[in-house]
Amino acid sequence: MKEGETMKQLLTVMMVLALFLPMISCAEPVDAMAASPADATKAYTVELSVVDDQTTDAEGKLLAAYRYEIPVMTPVEGAPETVQEVADAFNGEMQTLLHSCMETGRELGTWGRQDPRVEGNILYYCDELTAAWQEKGSVISITFQHYEERLGPHPNTSSTSYLFDMERGRYINPLELADDRETFRTTVEQRILEEIREDSELQAMLYDGYEDTVADWNDACVSFEEELVVTFSTYMLAPHAAGPITFRIPYEEAGLGAGGLAHLGVETK
């Protein structure tokens, strides 16, 4: 494709999205996000798609179950072709994630039938992925909570995140939002380390060398809400943590720079 045509398409999608970006809150239930007549001019919608199944024995005893949620972007009727291209990029990564989950989901029934520890509705193999998202400026911040029961000492839980940039039309690393990536990374790193050092009880429970994990905070679960939220899943920072460890940092104090703040739609004082 010629460079001029590429720039023309990019400008087209940016203009359309700037006019019609929907406001989607991860705090709202799916039913509450159904399109209303007033939303008819939006360029796209995002809704949850759910895939689930369960396995029972001949007596109806539950052996295994899975449930996976992923967000799906759908252009509205009459939206420009460029919006469809953005939706395809958004949905492609989510489908890859779903297919990865399904590889486990298809095995659960076999494991449940072979494991004598299964006790039906009380104890059974389980795999769940719960999705939430929020639109902040021109990016969609998606977080997933993963729960799995393999009949071990305790269930496993973890948090992951994805960040989709509507202007670029692709998923990005959180650091790509900033005017200067290293300034952003080190500023957030220092804020997290300061908070840890001010909490002696928290610091005492962390792994030796936890600073290395904190330095790579952008690889943890990062969500863009009313402020920057960084969540380290259970056992990432501490061997005996009761659950995930979360840090919240105001955008104005995160080292994003003026361009990064504008990208997130954050008004500077």
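Rounded to the nearest 0.5 angstrom, Gln190 CD and Arg197 CZ are separated by 6.5 Å. With rounding to the nearest 0.5 angstrom, the CG atom of Asp127 is 10.5 Å from the CD atom of Glu149. Distance check, rounded to the nearest 0.5 Å: CE of Met94 to CD of Glu69 gives 13.0 Å. Distance check: Leu62 CG to Gln54 CD gives 5.0 Å after rounding to the nearest 0.5 Å. Taking CG of Leu206 as the start and CG of Asp199 as the end, the distance is 9.0 Å to the nearest 0.5 Å. Separating the OG1 atom in Thr74 from the CD atom in Gln84 is a distance of 8.5 Å, to the nearest 0.5 Å.
Inter-residue side-chain proximity for Met205 and Glu201 is flagged as unmet; no heavy-atom pair is nearer than 4.5 Å. Taking 4.5 Å as the limit, every side-chain heavy atom of Thr45 sits out of range of all side-chain heavy atoms of Val72. At a threshold of 4.5 Å between non-hydrogen side-chain atoms, the residues Ile140 and Met73 count as touching. Residues Val86 and Tyr44 are not in side-chain contact: their nearest non-hydrogen atoms beyond the backbone lie 4.5 Å or more apart. Side-chain atoms of Trp217 and Ile249, non-hydrogen and from C-beta on, never get closer than 4.5 Å to each other.
Criterion: ILVMFWY side-chain heavy atoms under 4.5 Å apart, direct or through other members. Under it, Phe184 and Ile172 are part of a common hydrophobic cluster. At a threshold of 4.5 Å between side-chain heavy atoms, the hydrophobic network of Ile, Leu, Val, Met, Phe, Trp and Tyr places Met236 and Tyr147 in two separate groups. Using a 4.5 Å cut-off between side-chain heavy atoms of Ile, Leu, Val, Met, Phe, Trp and Tyr, with links allowed through other members, Leu193 and Val229 fall into different hydrophobic clusters. Under a hydrophobic clustering in which Ile, Leu, Val, Met, Phe, Trp and Tyr are joined whenever their side-chain heavy atoms come within less than 4.5 Å, directly or via other members, Val51 and Ile70 fall into the same cluster.
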**Request:** Test side-chain contact (heavy atoms from CB on, under 4.5 Å) on Leu97 and Tyr162 and set out the steps.
**Result:** CA-CA 11 Å; Leu97 173 62; Tyr162 290 77; 3.8 Å; yes
**Prompt:** Do Ile245 and Leu202 pass the side-chain contact (heavy atoms from CB on, under 4.5 Å) test, and can you show the C-alpha distance, the side-chain angles, and the key distance before you say yes or no?
**Reply:** CA-CA 10 Å; Ile245 301 175; Leu202 172 60; 4.0 Å; yes
**Request:** Take Phe232 and Thr213 through the side-chain contact (heavy atoms from CB on, under 4.5 Å) test and state the conclusion after the steps.
**Result:** CA-CA 9 Å; Phe232 295 92; Thr213 302; 4.0 Å; yes
**Item:** Trace of the side-chain contact (heavy atoms from CB on, under 4.5 Å) decision for Leu261 with Asp179
**Value:** CA-CA 9 Å; Leu261 292 173; Asp179 293 349; over 6 Å; no
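Screening Thr110, Asp115, Thr104, Thr55 for a side chain to side chain donor-acceptor pair (under 3.5 Å) with Tyr125, the sole residue that qualifies is Asp115.
Here Arg185 does not pair with Asp216 in a salt bridge; the nearest charged N to carboxylate O distance is not below 4.0 Å.
Under the 30°/60° scheme for interplanar angles, the aromatic rings of Phe224 and Tyr251 are found to lie parallel.
The two residues Val118 and Lys61 come nearest to each other via the heavy atoms O-NZ, 3.7 Å. Taking both residues in full, the closest heavy atoms of Gly255 and Thr187 are given as N-CG2, 3.8 Å, listed atom of the first, atom of the second, then distance. Across all their heavy atoms, Pro174 and Leu163 have their closest contact at CA-CD2, 3.9 Å. Here the closest heavy-atom approach between residue Arg117 and residue Arg150 is recorded as NH2-O, 3.8 Å. Between Val214 and Glu189, the shortest heavy-atom contact is CG1-O, 3.8 Å. Contact record, Phe144 with Ala131: CE2-CB, 3.4 Å, taken as the closest heavy-atom pair.
With a 6.0 Å radius and a threshold of 12 heavy atoms from other residues, nucleotides or ligands, Glu226 has its CD atom at or below the threshold. Counted within 6.0 Å of OH on Tyr124, heavy atoms from surrounding residues, nucleotides or ligands total 12 or fewer; the atom is thus considered open.
Glu225 and Ser223 are linked by a side-chain donor-acceptor pair at a separation below 3.5 angstrom, with hydrogens and angles left out of the test. Judged by distance alone, the side chains of Thr143 and Ser161 never bring a donor and an acceptor atom under 3.5 Å apart.
Ring pair Tyr66/Tyr68: centre-to-centre distance below 6.0 Å.
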